[in-house]
Amino acid sequence: MSPDRTRKLFLTIFSVLVLLACQLPNIGGVPFVPPTPTSTLTLIPTLTATTTLTATETSAPTITPTLAPRVHHVLILSIDGLRPDAISLAPMKHLLALMQSGAYSLTAQTVYPSVTLVAHTSMLSGLCPSKHGVNWDQYLPERGYAQGTDLFDIAHAAGLKTEMYVGTKKLIQITEPSSLDNFVFVNDRESVIMKRLIEEFPQDFGVLFIHFATADGMGHSYGWLSPQQLNFLVRDDQVLNQLLKELDKRNLRNDTLIIVTSDHGGHASTHGSDSPEDMTIPWIAVGPGIRPKVLTSPIHIMDTAATAAFALGLKIPAEWDGVPVYEAFGLPVEKQSIDCQ
């Protein structure tokens, strides 16, 4: 073939290729460019419930159902002698707001006898009085400590920091000192307790128990639901708001389960009986995984320890009579606690 014919044939082939390239489809407005021989295509597998990653694929976190979110902190606030109806009668506006953002019951039950030390021991040990053995309501150090394994025992054994700030000295008999990192007794008003707590706030607490004692004293002095007691509950509510603000300030609210409850109610100027006024207590939970609602399942005071342990991912002792309040987490009620009476 002559040089001229060769040149013409080359130009013709080149023109055809150019025209074909112009006709290739566009993807997203960008001309399609075929991959070069050195291009590689990496496929990212879509994870499903049945996906199995091979050894040559990049491992991804396994998606498994969890019963409850793992919180880092549990704060239990007990307002001594708080009857559920006093919350709205006072009114305790900050506690009422907390109730609306959490799960709550105004019909939870304490243990008999409905007195401070016996009830608080059941609250924090998960046990009925017949098991924890505390049958006195004064500070009697010669009687030692409650029997059984309590919330502070299992939390401390798991490496969590345990703290108690209380307004009644006798509460030290709930658990052995070896299970507490810090026990603070403040024989004064709740505002003084809170001032002390804020000054030395345990930022890395695992379980923090706070006890407000004065409302019970006001009930004994002036009567339950008296103007004097209700007025003091308004002050307790203000101190509660201080506590919530401190948690917010320290960025602890998002991984803290807060439980607000009481040890017993009261009638006239006393308590300790098995009457509904003495036995009925509020139970309020707010925090990670808690579903805002009015709880309908029966709740007993021993369930507080079990719910705290459940949220922290701790193994609940088989001997405990209390069970987690599963309904508060939007979970099926697997089991209910027993009535100690």
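- Nearest heavy atom pair, residue Leu82 against residue Pro282, reads O-CD, 3.2 Å.
- Checked by atom type and distance alone, the side chain of Gln228 never pairs as donor or acceptor with a backbone atom of Met218 at under 3.5 Å.
- In the hydrophobic clustering of ILVMFWY residues, with side-chain heavy atoms under 4.5 Å counting as a link, Leu77 and Ile290 come out apart.
- A donor-acceptor contact shorter than 3.5 Å is absent between the side chain of Asp303 and the backbone of Pro324.
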Requested in this report: Might you work through the side-chain contact (heavy atoms from CB on, under 4.5 Å) test for Val192 and Arg189, ending with a clear yes or no?
Outcome: CA-CA 5 Å; Val192 179; Arg189 301 179 306 278; 4.0 Å; yes
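- Under the 3.5 Å distance criterion, the side-chain polar atoms of Ser114 are left unmatched by any main-chain donor or acceptor of His264.
- Summarising the geometry of Asp188 relative to Thr214, their closest heavy-atom pair is O-OG1, 4.4 Å, with the distance given to 0.1 Å.
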**Report entry** Phe232/Leu230 under side-chain contact (heavy atoms from CB on, under 4.5 Å): CA gap, chis, key distance, verdict
**Finding:** CA-CA 5 Å; Phe232 206 91; Leu230 294 177; over 6 Å; no
Query - Criterion side-chain hydrogen bond (donor to acceptor under 3.5 Å, both in side chains) on Ser337 and His300, from CA distance to verdict - result: CA-CA 7 Å; Ser337 58; His300 293 94; 2.9 Å; yes
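- Each of Asp255, Asn254, Thr256 was checked for a side chain to side chain donor-acceptor pair (under 3.5 Å) with His72, and the lone residue meeting it is Asp255.
- Of the possible polar contacts, one joining the Glu190 side chain to the Ala213 backbone as a donor-acceptor pair under 3.5 Å is found.
- Other residues, nucleotides and ligands contribute over 12 non-hydrogen atoms within 6.0 Å of the CZ atom of Arg250.
- Checked for salt-bridge contact, Lys170 and Asp137 meet the test: a charged N lies under 4.0 Å from a carboxylate O.
- Counting only distance, with no hydrogens or angles, the side chain of Asp237 and the backbone of Leu95 share a donor-acceptor pair below 3.5 Å.
- Separation of atoms NZ (Lys249) and CG (Leu244) is listed at 14.5 Å; rounding is to 0.5 Å.
- With a 4.5 Å cut-off on side-chain heavy atoms, Leu233 and Ile79 count as touching.
- Classification of the His220-His271 ring pair by plane angle, with boundaries at 30° and 60°, yields tilted.
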Query - Chi angles and distances behind the side-chain contact (heavy atoms from CB on, under 4.5 Å) call for Gln109, Thr280 - result: CA-CA 5 Å; Gln109 296 294 297; Thr280 307; 3.2 Å; yes
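- Here the NE2 atom belonging to His120 is positioned 8.0 Å from the OG1 atom belonging to Thr261, to the nearest 0.5 angstrom.
- Hydrophobic clustering (side-chain heavy atoms under 4.5 Å, transitive across Ile, Leu, Val, Met, Phe, Trp, Tyr) groups Met194 together with Met92.
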Requested in this report: Show your reasoning for whether side-chain contact (heavy atoms from CB on, under 4.5 Å) applies to Asn182 and Phe205.
Outcome: CA-CA 10 Å; Asn182 195 23; Phe205 71 89; over 6 Å; no
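- Proximity of a side-chain donor or acceptor of Trp320 to a complementary backbone N or O of Ser125 within less than 3.5 Å is detected.
- Side-chain contact between Leu243 and Leu197: present, with at least one pair of heavy atoms (C-beta onward) separated by less than 4.5 Å.
- Counting heavy atoms from C-beta on, the side chains of Val111 and Met302 come closer than 4.5 Å.
- The main-chain N or O of Leu225 is found under 3.5 Å from a side-chain atom of Gln229 such that the two form a donor-acceptor pair.
- Across Ser273 and Asp278, no two heavy atoms sit closer than the pair OG-OD2, 2.7 Å.
- Surrounding NZ of Lys293 are more than 12 heavy atoms belonging to other residues, nucleotides or ligands, all under 6.0 Å away.
- A donor-acceptor pair is defined here as one N or O able to donate and one able to accept, closer than 3.5 Å; no such pair exists between the side chain of Ser105 and the backbone of Leu295.
- Side chains of Met99 and Ile87 form a contact here, defined as non-hydrogen atoms less than 4.5 Å apart.
- Note that the NZ atom of Lys315 and the CD1 atom of Ile154 stand 10.5 Å from one another [nearest 0.5 Å].
- Pairs engaging residues 276-341 under the disulfide bond (SG atoms under 2.5 Å apart) rule: Cys128-Cys340 [sequence neighbours left out].
- With rounding to the nearest 0.5 angstrom, the CZ atom of Phe152 is 4.5 Å from the CG atom of Leu124.
- Contact detail for Gln147 and Leu127: the closest heavy-atom pair is O-CD1, 3.8 Å.
- In this structure, Thr149 has no side chain to side chain donor-acceptor pair (under 3.5 Å) partners at least two apart in sequence or on a different chain.
- For the pair Glu200 and Tyr165, the minimum side-chain heavy-atom distance is below 4.5 Å.
- In this view, Glu277 satisfies the salt bridge (Lys or Arg N to Asp or Glu O under 4.0 Å) rule with no residue, not counting sequence neighbours.
- Between Leu208 and Ile76, every side-chain heavy-atom pair lies at or beyond the 4.5 Å cut-off.
- Under the 4.5 Å side-chain contact rule for hydrophobic residues, Met123 and Leu75 do not share a cluster.
- Interatomic distance, Leu117 CG to Asn135 CG, rounded to the nearest 0.5 Å: 9.5 Å.
- Residues Ser262 and Ile281 come closest through the heavy atom pair O-CD1, 3.3 Å.
- Within the 3.5 Å criterion, the main-chain N or O of Tyr145 finds no donor-acceptor partner in the side chain of Glu176.
- Relative orientation of the His211 and Phe209 rings is parallel, given thresholds of 30° and 60° on the angle between their planes.
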Requested in this report: Could you walk me through whether Glu327 and Thr296 pass side-chain hydrogen bond (donor to acceptor under 3.5 Å, both in side chains), step by step?
Outcome: CA-CA 8 Å; Glu327 186 186 0; Thr296 58; 3.1 Å; yes
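- Both Ile301 and Leu257 belong to a common hydrophobic cluster when Ile, Leu, Val, Met, Phe, Trp and Tyr are linked at side-chain heavy-atom distances under 4.5 angstrom.
- Side-chain N or O atoms of Asp150 include none that pairs as donor or acceptor with a backbone N or O of Gly126 at under 3.5 Å.
- Here Asp153 contributes atom CG and Leu314 contributes atom CG; the two are 11.5 Å apart, rounded to the nearest 0.5 Å.
- When side chains are defined from C-beta on, Thr162 does not count as touching Thr175, because their heavy atoms never get closer than 4.5 Å.
- Between Leu252 and Phe201, the closest side-chain pair of non-hydrogen atoms falls below 4.5 Å.
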Requested in this report: Begin from the C-alpha positions of Asp204 and Lys161 and carry the test salt bridge (charged side-chain N to carboxylate O under 4.0 Å, His left out) through to its verdict.
Outcome: CA-CA 7 Å; Asp204 56 345; Lys161 192 172 185 179; 3.4 Å; yes
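- Both Leu331 and Ile299 belong to a common hydrophobic cluster when Ile, Leu, Val, Met, Phe, Trp and Tyr are linked at side-chain heavy-atom distances under 4.5 angstrom.
- Closest non-hydrogen pair, Phe185 versus Lys169, comes out as CE1-N, 3.4 Å.
- Atom CZ of Phe183 is surrounded by more than 12 heavy atoms from other residues, nucleotides or ligands within 6.0 Å.
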